[in-house]
Amino acid sequence: MTDSSNQEEFKKVSEIQQRLDILIEHVESRKEALEEEIEEHLHESLANARDSMELIQENIAPKVEKAIHTKMEEIDRKMRRLNEDSLEAVREELQKATPDISEKILEDLDKVIAENTRFVKMEILTQVKEELKKTIQTSLTPLEEKLDRDLPTAKTLSMVSLGLAALALLGVIWVLIR
């Protein structure tokens with residue numbers, strides 16, 4: 001009787017072992033499928049982000065180039081006007097002044113023009129920088145919003161997949177212990 005009881009127990013243990021092996025295979029295949037799905041979603045999200053960045057670059061480049069070109073034209077116009085005004089003012093002063101004052105004015109003229117030119121350029125460049133910052137910020141806002149929307153979804157999918165894998169592992173351990 002002991003042998004038949006041992007055989008029955010051995011049979012039960014063998015059946016449990018077979019079920020456990022099947023369960024382990026199922027958990028492994030499910031884990032691999034979930035990992036592949038997570039990786040696929042991550043690659044898709046990265047591809048979408050790259051595409052969005054390329055679109056932003058394609059949209060920003062012409063705007064930046066146009067803004068720079070416009071500002072450079074404006075700088076040139078202001079410089080010409082400033083030079084013409086400065087030259088006219090110098091001519092008038094030279095006509096009014098005595099020869100000694102005229103010499104001194106001529107000596108200092110280059111310095112004054114250089115300072116005025118530098119001041120105007122700095123002022124215009126500051127304006128260009130501010131406008132470029134605004135343009136870039138307005139172009140990046142849709143991408144940031146898209147990333148803010150899509151990133152939590154990818155994180156959630158990853159966390160759910162990891163949770164399911166952990167739960168499956170706990171189930172296998174529980175079956176092994178029982």
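Treat the numbers as computed from the prediction; the structure is a model and nothing was measured. We use all heavy atoms of the structure for the numbers below, so side chains are in, but hydrogens, waters and symmetry mates are not. In what follows, residues are counted from 1 in the order of the sequence shown.
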Heavy atoms, side chains only, cut-off 4.5 Å: are [X] and [Y] in contact?
X	Y	result
E37	H41	yes
L176	L20	yes
L164	L34	yes

Nearest-0.5 Å distance that lies between atom [atom1] in [X] and atom [atom2] in [Y]:
X	Y	atom1	atom2	result
Q18	L23	CD	CG	13.5 Å
E35	L162	CD	CG	8.5 Å
I24	L169	CD1	CG	10.0 Å
F10	E15	CZ	CD	11.0 Å
T117	N83	OG1	CG	5.5 Å
M159	I38	CE	CD1	10.0 Å

Hphob cluster co-occupancy, [X] + [Y], side-chain heavy atoms under 4.5 angstrom:
X	Y	value
I173	V175	no
M72	M79	yes
V27	W174	yes

Quick check: are there more than 12 heavy atoms from other residues, nucleotides or ligands sitting under 6.0 Å from NZ of K78?
yes
Surrounding CD of E65 (heavy atoms of other residues, nucleotides or ligands, distance under 6.0 Å), is the total greater than 12?
no
R80 and E84 ion-paired at < 4.0 Å
no
State whether a side-chain donor-acceptor pair under 3.5 Å links H69 with E73.
yes
